[in-house]
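Reading through the structure tokens given below for one structure.
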Amino acid sequence: MHEEPHTPKPNFIRQIVSDDLAAGKHGIVHTRFPPEPNGYLHIGHAKSIVLNFGLAEDFGGLCNLRFDDTNPHKENQEFVAAIKEDVRWLGFGWDDRLYFASDYFSNLFDYALELIDKGLAYVCELNAEDMREYRGTLKEPGRDSPFRDRSPAENRDLFQQMRAGEFPDGSKVLRARIDMASPNINLRDPVLYRIRHGVIHHQTGAEWCLYPMYDFTHPISDAIEGVTHSLCTLEFEDHRPLYDWIVSNLSVPTQPRQIEFSRLNLEYTVTSKRKLTELVSEGHVNGWDDPRMPTLSGLRRRGYTPAAIRDFCQRIGITKSENRIEMQLLEDCIRDDLNRHAPRRLAVINPIKVVLSNYDDNACEYLPAPNHPQDPSLGERRLPFCRELWIDRADFQETANKKYKRLVSGGLVRLRNGYVIRCDEVIKDAGGEIQELHCHWYPDTLENNPDGEKVRGVIHWVSARHGEPAEIRLYDRLFNIANPGKKSGDYRSDINPDSLLTCVNAVVEPCLAAATPEQRFQFEREGYFCRDSSSEKLVFNRTVTLRDTWARNTSEET
RNA sequence: UGGGGUGUGGCCAAGCGGUAAGGCAGCGGCUUUUGGUGCCGCCAUUCCCAGGUUCGAAUCCUGGCACCCCAGCCA
């Protein structure tokens, strides 16, 4: 059994970084993870986090956590706190390098003045609609704003007045003076600052009524922090010329470089903040940490481990090509981790009673059961065994063909870590529903099989007198279409109505009563489960099923 | 001919002119008191297409084609 290998896979960004280092361009590599605190982090962010923090770690450099908080409308403190928690949970730290773009608001203002003085920025009074019209289209060039040729002195004066709060929202903006005819729309005099009165910024309060745009803020923040490689997703590729324009026209301390990589797309889920926000606000799920959400908090509550998510990010690689990763890869990552580390337990999700007719009603014994079949270091526990047991309804059929390796009428089956039993009688109610099974107990079969009789297989069980009642939540994919919304036009219509199946009558082995929140187990023959972290009751969430080749093959026959 | 990108097996992804790594999925088999795990084997004569250069091309050149992104005072 191998542990998480730390041989980073090669990718084009590592190549660039190591080339830069070899060429002596930088003393150390410095990256940053720059979330906007307007939502919770999801699996796509994990890719970026692992890339940025991992790269710095592997090259002996640094990675900052920086909140990109230039749009106070959508951002808040709850998100800031959640993001910090999630990054830490994933296993990364930033020491004292926790920054906010808003830390630089006054520096940013001074840099804006510098652009104004150089004749590279101007105050524009076009309203939003006119500005759109002046911008031109994808195929036609734009036209110069009538305010484009104001003098630096006038611009400086106006910009100071904007800051002083003398103009209403939307009446004026500061724009870069680049090229209205550029084929790259981002260079057609992009807006640098807008006026926003009356919003309370979560960091700076009411101090500003002027907020800088991402395109202006990001390169300068990178330069101030000494970031050498500023990694972002593909949709910012067109912004790179603007990024470069900003850092090369300003007296910033360093010249960071932006490199783009493709964002993660995962089958059967969505990873857009807008959609995730809607799933929460419209009540399709129960909050950002709903175990069906691809958020880090959701995955955590579902039972995913940080190591599995890091492994996943490692395995998918970093490239510039459009991708959509199969859910099976993520599932393989968590199974691989949990198979090695999760203690085994017995839990009956949908119980049916078994009475051992020849077992002393007053007897009770404690059968030793290893916590892990391959790893003795995890120890063992004792399973109480008595005359009445629970087994799963799915593990009994009155008649079945030879391939069915469970209990059938008249057939023998082994109880996991216990004895062999034979089903002698099926007790049904008036409606024909099976009430209980009367079975014969085979003594001396703890280690051996009975002579001359065929044991079909092994099933799990829990003592009916000792088992703990529990609720088990069976989670499945949130959407039943690989690319939600692609065909239907609305991802919401592709939501899987059966993404959560709650089983309130489950019974689990006694020691599970002491399970701590988020503690993970393998319920043998069922899957991996973890104790839910926000229920007082004994609730277990299914992380992922076990791989099941039998179910796969039988379902194909129907 | 708006601009910027990307095209290697079902899904990812190495490959950097010397004759297609690896993972996931799939398919066979062995082991197994989890239909799990583990182990073994199979799975691209071909890299979007067409030409060209070369002794030799997924890698270089030319021309196509397909898909993605961009017209927020969002990030």
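- In this structure, T70(A) reaches the rA75(B) phosphate: one of its side-chain N or O atoms is under 4.0 Å from OP1 or OP2.
- Within 4.0 Å of G418(A), counting heavy atoms only, lies at least one base atom of the nucleic acid.
- P450(A) meets the side chain to side chain contact (heavy atoms under 4.5 Å, CB included) test with L412(A), V420(A), Y442(A), T445(A), E453(A), V455(A); sequence neighbours excluded.
- Listed by chain and residue number, E125(A), E154(A) satisfy the salt bridge (charged side-chain N to carboxylate O under 4.0 Å, His left out) test with R150(A) (two or more places apart in sequence, or in another chain).
- Residue contacts for R335(A): at a heavy-atom cut-off of 4.0 Å it reaches no nucleic acid atom on any strand shown.
- A donor N or O paired with an acceptor N or O is found under 3.5 Å between the base of rG3(B) and the side-chain atoms of D238(A).
- Using a 5.5 Å limit on the distance between ring centres and a 30° limit on the angle between planes, the aromatic ring of Y214(A) does not count as stacked on the six-membered base ring of rA75(B).
- Partners of Y214(A) according to the side chain to side chain donor-acceptor pair (under 3.5 Å) rule, which considers only residues two or more places apart in sequence or in another chain, do not exist here.
- Residues passing the side chain to side chain contact (heavy atoms under 4.5 Å, CB included) test with R315(A) are D311(A), L329(A), D332(A), C333(A), D336(A), sequence neighbours excluded.
- With a 3.5 Å limit on both pairing distances and Watson-Crick or G-U wobble geometry required, the stems of 3 or more pairs in RNA chain B span B:2-7 with B:65-70, B:10-12 with B:22-24, B:26-30 with B:38-42, B:48-52 with B:60-64.
- Scanning for ring pair (Phe, Tyr, Trp, His ring centres under 6.0 Å) contacts around Y111(A) gives an empty result, with sequence neighbours left out.
- Counting non-hydrogen atoms under 4.0 angstrom, N417(A) reaches a base of the nucleic acid.
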Extract from the structure each pairing of a protein N or O with an N or O of nucleotides 8-12 of chain B at less than 3.5 Å, listing the distance.
unit_1	atom_1	unit_2	atom_2	d
rG10(B)	N2	E326(A)	OE1	2.9
rC11(B)	O4'	E326(A)	OE2	2.9
rC11(B)	O3'	R324(A)	O	3.3
rC11(B)	O2'	R324(A)	O	3.0
rC12(B)	OP1	R324(A)	N	3.0
rC12(B)	O2'	I316(A)	O	3.0

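- Here M131(A) lies in heavy-atom contact (under 4.0 Å) with a base.
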Kindly list each side-chain donor-acceptor pair under 3.5 angstrom involving residues 131-142 of chain A, sequence neighbours excluded, with atom names and distances?
unit_1	atom_1	unit_2	atom_2	d
E133(A)	OE2	R143(A)	NH1	3.3
T137(A)	OG1	K139(A)	N	3.3
T137(A)	OG1	E140(A)	N	3.1

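- For an aromatic pair to be called close, the ring centres must be under 6.0 Å apart, and F236(A) with Y243(A) fails this.
- Annotation: salt bridge (charged side-chain N to carboxylate O under 4.0 Å, His left out) contacts involving residues 178-199 of chain A, sequence neighbours excluded, comprise R148(A)-D189(A).
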